[in-house]
A.B. asks: 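The structure under discussion is supplied below as structure tokens; questions concerning it will follow.
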Amino acid sequence: MRFAHVALNCADPAAAIAYYTAHFGFAVTRRLPIGGGQEIIFLARDDVHLEVFPVVGPACQPDKDGPTAAGTLRHMAFQVDDVDATIAAMGADAVITLGPINFDAFIPGWRTAWLKDPNGHVVEITQGYRD
């Protein structure tokens, strides 16, 4: 079995596409019209896939490392070479909700930060994590 994708409900799909393509190397691979001028946008990078769904209504308002309510996605994570360099390269788009934090006591070299994307989803960027 392989992991398939993460589906994101977005009040501003264009902002989501811009964010994930600019900062995490995703590319739009498909657009699926769903009526009413709306579409689902499929993004991919290697074997990682995102589906961006349009929504009408308030965006989620997570805190720190993500929402904690049952039935919600807490956060998704991307492994990067250098957390601090990634944050610096993102500029104003790096809206930090928590961290960066070193977890050397658990895994030497593990460093993580949590960011908020333009639609309020929490994205963890992590370096040095290994099982």
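For reference, positions follow the sequence shown, starting with 1.
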A.B. asks: Please determine whether residues Val55 and Ile40 belong to a single hydrophobic cluster, defined as Ile, Leu, Val, Met, Phe, Trp and Tyr linked transitively by side-chain heavy-atom distances below 4.5 Å.
C.D. replies: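 Per the 4.5 Å side-chain linkage, Val55 and Ile40 are not co-clustered.
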A.B. asks: Determine, using the 4.5 Å side-chain heavy-atom cutoff (strictly less than), whether Phe26 and Met76 are members of one ILVMFWY cluster.
C.D. replies: yes
A.B. asks: For the pair Gln79 and Thr126, evaluate side chain to side chain contact (heavy atoms under 4.5 Å, CB included) and give the outcome as yes or no after the intermediate values.
C.D. replies: CA-CA 5 Å; Gln79 187 82 23; Thr126 188; 3.6 Å; yes
A.B. asks: Is there a donor-acceptor pair under 3.5 Å between the side chain of Gln127 and the backbone N or O of Arg111?
C.D. replies: no
A.B. asks: Enter the distance from His23:NE2 to Thr86:OG1 here, rounded to the nearest 0.5 Å.
C.D. replies: 10.5 Å
A.B. asks: Taking atom SG of Cys10 and atom CD1 of Ile17, what is their separation to the nearest 0.5 Å?
C.D. replies: 8.5 Å
A.B. asks: Using atom types as modelled and distance alone, determine if a side-chain donor or acceptor of Asp46 lies under 3.5 Å from a backbone N or O of Val48.
C.D. replies: no
A.B. asks: Between NE2 of His121 and CG of Asn9, what distance do you get to the nearest 0.5 Å?
C.D. replies: 6.0 Å
A.B. asks: Test side chain to side chain contact (heavy atoms under 4.5 Å, CB included) on Leu73 and Leu8; report intermediate values, then the result.
C.D. replies: CA-CA 9 Å; Leu73 173 71; Leu8 302 172; 4.3 Å; yes
A.B. asks: After noting the C-alpha distance and the side-chain angles of Leu115 and Met90, does the key distance pass the side chain to side chain contact (heavy atoms under 4.5 Å, CB included) rule?
C.D. replies: CA-CA 11 Å; Leu115 314 170; Met90 292 177 73; 3.7 Å; yes
A.B. asks: Same cluster or not: are Ile96 and Tyr20 linked, directly or through other Ile, Leu, Val, Met, Phe, Trp or Tyr residues, by side-chain heavy atoms under 4.5 angstrom apart?
C.D. replies: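 Yes.
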A.B. asks: Hey, quick one: are Ile41 and Val6 part of the same hydrophobic cluster, counting side-chain heavy atoms closer than 4.5 Å, chains of contacts allowed?
C.D. replies: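 Same cluster.
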A.B. asks: As an exercise, state the distance from CD of Glu124 to OG1 of Thr112, rounded to the nearest 0.5 Å.
C.D. replies: 4.5 Å
A.B. asks: Please report the interatomic distance CD1(Ile125) to NE2(His75), rounded to the nearest 0.5 Å.
C.D. replies: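 Output value for this atom pair is 12.0 Å.
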A.B. asks: Applying the 4.5 Å side-chain criterion to the ILVMFWY set and letting contacts propagate, would Val28 and Phe24 be lumped into a single cluster?
C.D. replies: yes
A.B. asks: Could you tell me the separation between the CD atom of Glu51 and the CG atom of Leu32, rounded to the nearest 0.5 Å?
C.D. replies: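 So the CD of Glu51 and the CG of Leu32 are separated by 9.0 Å.
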A.B. asks: Could you tell me which non-hydrogen atom of Ala44 sits nearest to which non-hydrogen atom of His49, and how far apart they are?
C.D. replies: CB-ND1, 3.4 Å
A.B. asks: Quick one: does Thr29's side chain have a donor or acceptor within less than 3.5 Å of a partner on Phe42's backbone?
C.D. replies: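 Present.
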A.B. asks: So which heavy atom on Ile34 is nearest to which on Pro54, and how close?
C.D. replies: CD1-CG, 4.0 Å
A.B. asks: Do Asn119 and Tyr19 meet the criterion of a side-chain donor-acceptor pair at a distance under 3.5 Å?
C.D. replies: no
A.B. asks: Hey, which of Phe103, Trp110, Phe78 is the one that makes ring pair (Phe, Tyr, Trp, His ring centres under 6.0 Å) with Tyr129?
C.D. replies: Trp110
A.B. asks: Can you give me the closest heavy-atom contact between Ala113 and Pro100, atom names plus distance?
C.D. replies: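 Looks like CB-CA, 3.9 Å.
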